[in-house]
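Model, not experiment: these values are computed from the prediction.
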There are 2 protein chains.
Amino acid sequence: MLNLAPSTVSRALNDSYEISQATKDRVQELAKSLHYQPNPFARSLRAQKSKTIAVIIPERINNYFSQVIEGIESITQEFGYHLLVYSTHENLDTEKKIISYLVNGRADAIVMSVSSQTREIDHLENVFQNKVPIIFFDRICREIPTTKFITNDYQSGYNATMHLIEKGCKKIFFLLLSRDISIGKERLRGYIDAVKDSGLAFSESWVVQCSQDEARNLALIKHFLYGMDRPDGILASVEKLAISTYQAAKEMRLNMPKDFKMISFSNMKIAGLLNPPLSTISQPAFQVGAECAKLLMQKLTKPKQPPLEDRVIEIPSKMELRESSGD
Amino acid sequence: MLNLAPSTVSRALNDSYEISQATKDRVQELAKSLHYQPNPFARSLRAQKSKTIAVIIPERINNYFSQVIEGIESITQEFGYHLLVYSTHENLDTEKKIISYLVNGRADAIVMSVSSQTREIDHLENVFQNKVPIIFFDRICREIPTTKFITNDYQSGYNATMHLIEKGCKKIFFLLLSRDISIGKERLRGYIDAVKDSGLAFSESWVVQCSQDEARNLALIKHFLYGMDRPDGILASVEKLAISTYQAAKEMRLNMPKDFKMISFSNMKIAGLLNPPLSTISQPAFQVGAECAKLLMQKLTKPKQPPLEDRVIEIPSKMELRESSGD
DNA sequence: CGAAATCTCGAAAACGTTTGCATGCTTTTC
DNA sequence: GAAAAGCATGCAAACGTTTTCGAGATTTCG
């Protein structure tokens with residue numbers, strides 16, 4: 001429309017020094033009046049980058065993961081990056097499929113928390129070999145040499161258990177989703193060490209392996225709460241299991257903290273409004289997301305950046321004691 | 001590597017009828033062994049479509065919106081569509097900026113719930129004029145002639161209010177975020193009609209306008225709960241305000257349902273575990289998301305589809321009565 | 001056996017940008 | 001006054017696909 005070559009227009013829009021101010025003005029004015037927006041695919045194709053970050057989480061309806069995404073976005077948004085969000089629904093096959101979408105440049109980087117089913121890691125190796133920067137958080141994969149963010153899972157598990165013991169618990173059950181995922185393992189270790197350090201008669205049956213099926217979890221919990229050897233303390237390694245326990249206690253008309261005490265890893269804002277208020281170990285979710293994003297923005301927006309360091313960064317959780325644990 | 005032209009390779013991979021089986025096999029085998037994945041940008045550039053849907057919500061840490069996104073994904077995932085998720089943080093300027101990213105083809109369609117600040121709608125008009133299919137849900141924009149999904153806001157507001165009145169409430173406050181957004185208006189209308197139909201002495205001061213600032217909301221709620229003309233019933237039009245009310249009641253040691261009764265629009269799964277269990281009107285969030293997605297998939301994947309119809313589709317909510325309202 | 005039909009593949013254009021290089025023009029410099 | 005330098009712009013290639021068109025090879029058919 002202005003009788004200019006595409007190259008000139010491009011340079012004018014990008015404010016190149018080799019275009020006269022007069023031409024720049026003409027071009028930019030017309031662009032504005034036409035609501036011109038450059039085509040992102042042409043750009044991505046040419047530049048070999050997408051200004052997009054993929055976030056992969058195991059489930060969406062979860063306060064922790066929502067907060068992490070908020071944290072990520074708080075940083076990426078300043079840089080004009082877009083967020084592609086995927087949920088694996090804790091399913092390994094879905095995770096593999098999602099990953100396969102992302103190794104071809106659709107995203108410039110990946111931020112993820114692996115599913116509880118993830119045992120093999122070929123697909124993750126593949127990402128790494130394809131030079132797509134990847135950062136893990138919470139449920140990390142130690143084998144891939146990249147940066148990972150976790151909280152002090154061992155210590156938190158230890159402290160939470162010790163707290164229950166101090167409150168008089170002699171038989172403390174540990175509820176987990178899967179023994180395979182990183183956080184499960186570490187929290188479990190902390191729990192076991194605390195139990196043993198206190199000289200309690202630990203038994204393997206104290207560790208209760210739950211599943212993705214909420215109805216089954218509820219039945220399982222009710223079952224052991226009915227039994228003869230029922231616990232007087234429970235440490236839930238994920239929020240979901242704490243909720244099922246509340247449900248079970250309610251249906252069975254058991255009283256917390258009288259009949260048993262509980263503390264849980266959880267990022268619920270309303271933990272204090274439950275009946276009874278739930279003692280929690282809450283993770284710095286927003287901060288974790290923000291730190292992941294900062295690292296990625298540094299790597300992606302600055303020239304000549306080294307690959308992401310192979311290290312584990314720990315950001316401590318906060319224990320908030322309420323009535324459910326007898327406080 | 002196979003001494004074939006790009007066109008042949010392309011056709012072989014896409015299983016075109018004009019390629020011999022032998023060649024197809026050779027190509028597909030090599031592709032598999034190289035983990036070949038076609039470049040999405042080249043594809044999008046060529047096809048003028050991105051297989052991506054943008055979802056714009058006012059906030060991420062919200063059960064309702066998370067569930068809607070799950071619903072959307074449950075459908076789009078089968079079609080191999082990707083989800084770009086944005087949060088406006090209830091901010092109009094952010095909303096405008098996000099929209100401006102999307103009118104150039106980055107997304108094939110938009111599913112959105114407008115921010116509580118959204119009064120002007122030029123940016124939404126712009127989307128529509130650019131022929132980007134857009135569907136609204138929950139907080140809709142009636143002026144844009146497209147398909148919108150809502151719940152029976154008026155009726156739900158009416159029923160909830162009637163329920164409180166049946167439980168003996170004489171002075172019922174209505175808590176809302178903004179009078180501008182669609183759902184606020186409709187729920188408010190239902191509430192007012194119910195109050196008037198019951199012959200209660202309605203006063204404008206019963207409608208309490210809250211803000212995005214949680215601390216201010218808490219102070220506001222505490223203030224009217226302290227006052228002489230404090231309500232004996234509260235209808236919260238959004239979950240967030242119900243939570244602030246619980247917080248206020250807790251701090252002031254007020255007892256629900258004795259001192260006042262409450263019911264709230266909310267999609268919290270754990271409403272029943274609060275103290276006291278919260279009566280809710282819960283929306284069919286997952287279903288709303290799924291319906292939006294179904295419509296879009298139809299429009300995007302089938303040839304020769306008409307534009308999205310200009311109509312409002314209502315999916316009813318469910319009222320679940322618990323102790324907070326005196327049940 | 002010649003012509004038509006069928007099968008298999010390649011050449012080239014197109015999608016909308018960005019950028020290295022070339023070009024023509026004006027200004028500066030010795 | 002001629003060469004060098006600076007300025008403003010255009011040309012063309014490249015990014016990786018898909019698709020239209022056409023060409024050569026083989027088969028079929030009368």
Kindly indicate, with the supporting measurements, whether the criterion side chain to side chain donor-acceptor pair (under 3.5 Å) is fulfilled by A/His89 and B/Glu73. CA-CA 11 Å; A/His89 300 271; B/Glu73 187 209 39; 2.8 Å; yes
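Across all strands, A/Glu18 comes closer than 4.0 Å to base atoms (heavy-atom distances). Within 4.0 Å (heavy atoms only), B/Asn104 reaches no atom of the nucleic acid at all.
Nucleotide D/dT9 holds its P atom 13 Å from the CG atom of A/Leu13, rounded to whole Å. C/dT17 atom P lies 12 Å from atom CZ of B/Arg106, rounded to whole Å. Going from atom NZ of A/Lys49 over to atom C1' of D/dC15 covers 14 Å, rounded to whole Å. Counting to the nearest Å, the C1' atom of C/dT17 and the CZ atom of B/Arg46 are 17 Å from each other. Straight-line distance from the OH atom of B/Tyr17 to the C1' atom of C/dT6: 11 Å, rounded to whole Å. Distance B/Asn3 CG to C/dG10 P: 9 Å, rounded to the nearest Å. Here C/dT18 presents its P atom at 15 Å from CG of A/Leu4, a figure rounded to the nearest Å.
Shown here are the salt bridge (Lys or Arg N to Asp or Glu O under 4.0 Å) partners of B/Arg43, two or more places apart in sequence or in another chain: there are none.
Remark: the A/Glu59 side chain and the A/Asn62 side chain contain an N/O donor-acceptor pair separated by less than 3.5 Å. If you check the side chains of A/Asn91 and A/Glu95, you find no donor sitting under 3.5 Å from an acceptor.
Of the listed nucleotides (C/dC15, D/dT18, D/dA12), D/dA12 has the atom at the smallest distance from the side chain of A/Ser7. The nucleotide whose nearest atom lies closest to any side-chain atom of A/Arg11 is, among C/dC21, C/dT18, D/dT19, C/dC21. The side chain of B/Gln48 sits closest to C/dC15 out of C/dT18, D/dC15, C/dC15. Closest approach to the A/Arg43 side chain among C/dT17, D/dT9, C/dG16 is made by C/dT17 (side chain taken as heavy atoms from C-beta onward). With C/dG10, D/dG16, C/dT17 as the choices, the nucleotide that has an atom nearest any side-chain atom of B/Thr8 turns out to be C/dG10. Side chain of A/Ala5, nearest nucleotide from C/dT17, D/dG16, D/dC11: D/dC11.
Between the CG atom in A/Asp108 and the OG1 atom in A/Thr76 there is a gap of 12.0 Å [rounded to 0.5 Å].
Applying a 4.0 Å cut-off to non-hydrogen atoms, the residues of residues 19-37 of chain B that approach DNA chain C are B/Ile19, B/Ser20, B/Thr23, listed by residue number.
Using cut-offs of 30° and 60° for the angle between ring planes, the B/Tyr64 and B/Phe137 rings count as tilted.
Under the side chain to side chain donor-acceptor pair (under 3.5 Å) test applied with A/Glu90, the options A/Ser178, A/Ser211, A/Ser116 reduce to a single match, A/Ser116.
In this structure, B/Asn39 does not reach the D/dC15 phosphate: none of its side-chain N or O atoms is under 4.0 Å from OP1 or OP2.
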